[in-house]
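First the structure, in the form of structure tokens, and then the observations on it.
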Amino acid sequence: MAGSQTCRPQTDRRQDGIIMTTYITTPIYYVNALPHLGHAYTTIVTDAYSRFRRLCGDDVRFQTGTDEHGEKIVQAAEAEGVSPREYVDRISRSFREAWPPLSVEPDHFIRTTDPSHIQTVQDILQQVFDQGDIYFSEYSGLYCQGCERFLTEKELIDGNCPDHLKPPKEIAEQNYFFRMSKYQDWLIEHIRKHPEFITPERYRNEVLSFLSEPLEDLCISRPVSRLTWGIPLPFDRNFVTYVWFDALINYLTGIGYPDGPDFEHYWNAAEHVIAKDILKPHAIYWPTMLRAIGVPPYRRLHVHGYWNVDETKMSKSIGNVIQPGNLVEQYGADTVRYFVLREMSFGLDASFSGNAIVERRNSDLANDLGNLFSRALTMIGKYAGNVVPAPAKGLYNDVDRELINALEVMIAQYRLNMNTFNFHRALQEVWRVIGMLNRYIVTNEPWELAKIPDQEKRLLTVLYILAESLRILSLVLRPVMPEAAAKMSLSLGVDFNEATTLDSHGKWGMLQPGTEISPGPQLFPRLDKKKPGDEKNQQPQPGSRMGEKQSGQQEGLIEYGTFQLLDIRVAEVVAAEKIQKSERLLKLTVKAPEERTVVAGIAPYYAPDELIGSQVLMVTNLKPAKLMGVESHGMILAAKEKDSDGNERLVLATVGGRVTPGSKVK
RNA sequence: GGCGAUGUAGCUCAGCUGGUUAGAGCGCACGGCUCAUAUCCGUGGUGUCCGGGGUUCAAGUCCCUGCAUCGCCA
């Protein structure tokens, strides 16, 4: 079990009669790309948690927004031929508009270009500067003019910038630094004393291990000669603020820091949700910044992992980038929310695929929950005239009591797990009860009871128990699947609203006999699985930056004659096997049109069996080379993609339709 | 290179401080029911618990070592 050690009830915050408060945030998303699955996950988690806290009776403030300054934004805007302002307005809007279709309802959407944010950032910088925690110093490093940024040694390949293939220049630059090191000991102590400060524990350990080494001070500026799209430093107009002092402070400005009426009220209850890539800024920079400002640290930081997209199953139906809008269109908001919350152990990585989401939808939502709901309501219709029947007093037997007890246990476990971000466990608990209810129906056979006149009381009792159990299910499912839960309670004639809480409505026996039931349409119709060959839905990617890259590339052009040197042909795979000692390599036998053997480094992305019969593009006039002992006569072409999370994958290049093997590509 | 995490049924994963025949869900096979969304219920099989060594009366669970994957750091 998630158990008593990690799950601590909110006794530290709760005092009888006092309304608890929750302030929960997503990161502000950088507007250099459109929203994708990773953004959607963070935001869904945050929304589900905020709904859960509301269900607990909390006064909740949920904030998300966009991060809009920096060099990359200027570049992106230039590439589109618009001003940075126009550019960020557009992308920010696409974030803001991405959430409502997912039933995500933030209370506030903040933008770092908001005037009030800019003002407060400057006030804070001035304060920290005045107290001596910001100083001017020289910084030297390897600067790539193509990238317009400093590179680390690690990034270099053979001493060159990996993107521009030129050596970076060693340059020195003067900048302002935040005296972060000054607060290192305090931070270590704070993390040690507050086990919940950074969760899950693995990330807390990671931070502590990082802090065991001396902390460097944080560079917080960029000279205006290099960057103008930023917040000017109030004490030196030759510089603008560099990312973190601008971005992190959104958590304060969004609730009216320093003297807004609600600031302290919410800040004392602050919790942040982030993906692991921005752990360090949130776990180290941010608390030390707050310390310097004189604001107490946030309460909890919740760190989640990445979604690995299962290419082989996914790419064909949806395309490369998984856009929240597409997901909602295909599966509906409830299913997407349920899937991501159920499938990922919070903190760990998980994999996403179209098949997985359809399987969850069909087995968990359609078969288990939807069908349970449908069969129960139908029976109440048939045997009780569409009205919640009255249970016979004293007629609860052992099976009934076991079920009711299980529901109570479920609510407690659900609370504990939702509160500690163990959403998948919370949902497991709920589905254990759903399984019990399906068994309960089979055990009691209401359709048999209905045939025996003197069993009517028992029949009505069984039906009442079902209806009341469903009412409780619809209550606990509200944070996860708002639409479906609302439909459920509506069908049961129950009026849940903003004032409804787990305490007020999560008790057995509150469903009033006599309430009219109105079975609606199916909650979750079953979905068909995508067939492997279904490539019709492939659509151009609106977020693609392909165009920019091409137009920007002046150098490195080749003559047509050079291109002609390549002999690219369509090859049909007739056999494929893994090369034993290698993780990456597959040995393929292809027809082009003569048979030949090629070795391709695609084993992580394609199973040998699925390749047989497929047509790929191959460079046929490459010098043979031996790889892991196998001689390769040609090279298979594939697209190499790196998503914003840094995951790489290969997708085989192919032709649009069936072609005679050996056809030349030109 | 340093530190850490992970490696358990076809798939996704549970297995706390070592203790009888190693678990769940999905998938698969067979059987049952008919209230229900071709749904539900029951039964069933498979696992060298990554490899090797060790500690112990006893190890998936502890120690050492190797391999693989991932993360953080340099």
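Naming convention: chains lettered A, B, ... in sequence-line order (proteins, then strands); numbering from 1 in each chain. Predicted, not measured: the structure shown is a model, and the values here were computed from it.
Atom C1' of nucleotide G25(B) and atom CZ of R439(A) are separated by 12 Å, given to the nearest angstrom. At whole-Å resolution of the value, CG in N371(A) and P in C40(B) are 6 Å apart. Between the CG atom of L208(A) and the P atom of A5(B) there is a distance of 14 Å, rounded to whole Å. Separating the CG atom of N362(A) from the P atom of C26(B) is a distance of 13 Å, rounded to the nearest angstrom. We find that CG of L341(A) is positioned 17 Å from C1' of U12(B), with the value rounded to whole Å. Rounded to an integer number of Å, the gap from NZ of K276(A) to C1' of C73(B) is 15 Å. When the P atom of C40(B) is taken as reference, atom CG of L372(A) falls 11 Å away, rounded to whole Å. One atom, CZ of F339(A), and another, C1' of C26(B), lie 12 Å apart when rounded to the nearest Å.
Screening T199(A), L279(A), V273(A) for a side-chain contact (heavy atoms from CB on, under 4.5 Å) involving L301(A) leaves a single residue, L279(A).
Defined by atom type and a distance below 3.5 Å, a donor-acceptor pair is missing between the side-chain atoms of E343(A) and H424(A).
The cationic group of K280(A) does not satisfy the cation-pi geometry with Y285(A), failing either the under 6.0 Å distance to the six-membered ring centre or the 45° limit from the ring axis.
Across all strands, D364(A) comes closer than 4.0 Å to no nucleic acid atom at all (heavy-atom distances). In this structure, L523(A) reaches the bases: a heavy-atom distance under 4.0 Å links it to at least one base atom across the strands shown. Counting any heavy atom pair closer than 4.0 Å across all strands shown, R526(A) reaches a base atom. Contacts of P525(A) with the nucleic acid, taken as non-hydrogen atoms under 4.0 Å apart, include base atoms. Within 4.0 Å (heavy atoms only), E206(A) reaches sugar-phosphate atoms of the nucleic acid but no base atom. Among the atoms of the strands shown, only primed sugar atoms or phosphate atoms (P, OP1, OP2) are found under 4.0 Å from some heavy atom of T378(A).
Contact annotation: N205(A) side-chain N/O to A5(B) OP1/OP2 distance is not under 4.0 Å.
U56(B) and C13(B) have their C1' atoms separated by 30 Å, with the value rounded to a whole Å. A distance of about 32 Å separates the C1' atoms of G4(B) and C26(B), rounded to the whole Å. Rounded to the nearest Å, the gap between the P atom of A58(B) and that of C41(B) is 43 Å. Comparing A38(B) with G47(B), their C1' atoms sit 32 Å apart, to the nearest whole Å. When the P atom is used for both A5(B) and A14(B), the distance is 16 Å, rounded to whole Å. Annotation: G19(B) and C63(B) have their P atoms spaced 15 Å apart (nearest Å). Here the separation of G31(B) from G51(B), taken at their C1' atoms, is 42 Å to the nearest Å. Taking atom P on both C62(B) and U20(B), the two are 16 Å apart, rounded to the nearest angstrom.
Taking the ring centroids of F339(A) and F352(A), they lie under the 6.0 Å cut-off. Separation of the Y298(A) and F197(A) ring centroids falls under the 6.0 Å cut-off. Separation of the Y41(A) and H304(A) ring centroids falls under the 6.0 Å cut-off.
Between E445(A) and S374(A), the residue anchored nearer the 5' end of RNA chain B, judged by the nucleotide with its closest heavy atom, is E445(A). Each of D349(A) and G370(A) was assigned the nucleotide of RNA chain B with the nearest heavy atom; the assignment lying further toward the 5' end belongs to D349(A).
Summarising the base pairing, C30(B) is matched to G42(B) through a Watson-Crick or G-U wobble pair whose two defining distances lie under 3.5 Å. Under the Watson-Crick and G-U wobble criteria, each requiring two contacts below 3.5 Å, nucleotide C57(B) is paired to G19(B). Searching all strands for a Watson-Crick or G-U wobble partner of U12(B) with both distances below 3.5 Å returns A24(B). U48(B) makes up no base pair with any nucleotide shown, lacking Watson-Crick or G-U wobble contacts both under 3.5 Å. Base pairing annotation: A36(B) forms no Watson-Crick or G-U wobble pair, as no partner gives both donor-acceptor distances under 3.5 Å. Pairing of C70(B), defined by two Watson-Crick or G-U wobble distances under 3.5 Å, is identified with G4(B).
Picking from C26(B), C41(B), C73(B) the nucleotide with the shortest atom distance to the side chain of E359(A) gives C26(B). When distances run from any side-chain atom of F210(A) to the nucleotides C73(B), C26(B), C40(B), the shortest one goes to C73(B). Of the candidate nucleotides U12(B), U37(B), C40(B), C40(B) has the atom nearest to the side chain of N367(A). Comparing atom distances between the L348(A) side chain and each of A14(B), C35(B), U37(B) picks out A14(B) as nearest. Of the candidates A36(B), A14(B), U34(B), the closest approach to any side-chain atom of W447(A) belongs to U34(B). Closest to the side chain of Y383(A), from the set U34(B), C41(B), C35(B), is C35(B). Between U39(B), C41(B), U37(B), one nucleotide has an atom nearer to the side chain of V442(A) than all others, and that is C41(B). Distance from the side chain of R425(A) is smallest for A14(B) among the nucleotides C35(B), G42(B), A14(B).
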Run the side-chain donor-acceptor check on residues 474-488 of chain A: report pairs under 3.5 Å with partners two or more places apart or on a different chain.
from, atom 1, to, atom 2, distance (Å)
S474(A), OG, R471(A), O, 2.8
E483(A), OE2, S103(A), OG, 3.4

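With sequence neighbours left out, the ring pair (Phe, Tyr, Trp, His ring centres under 6.0 Å) criterion links Y338(A) to W431(A).
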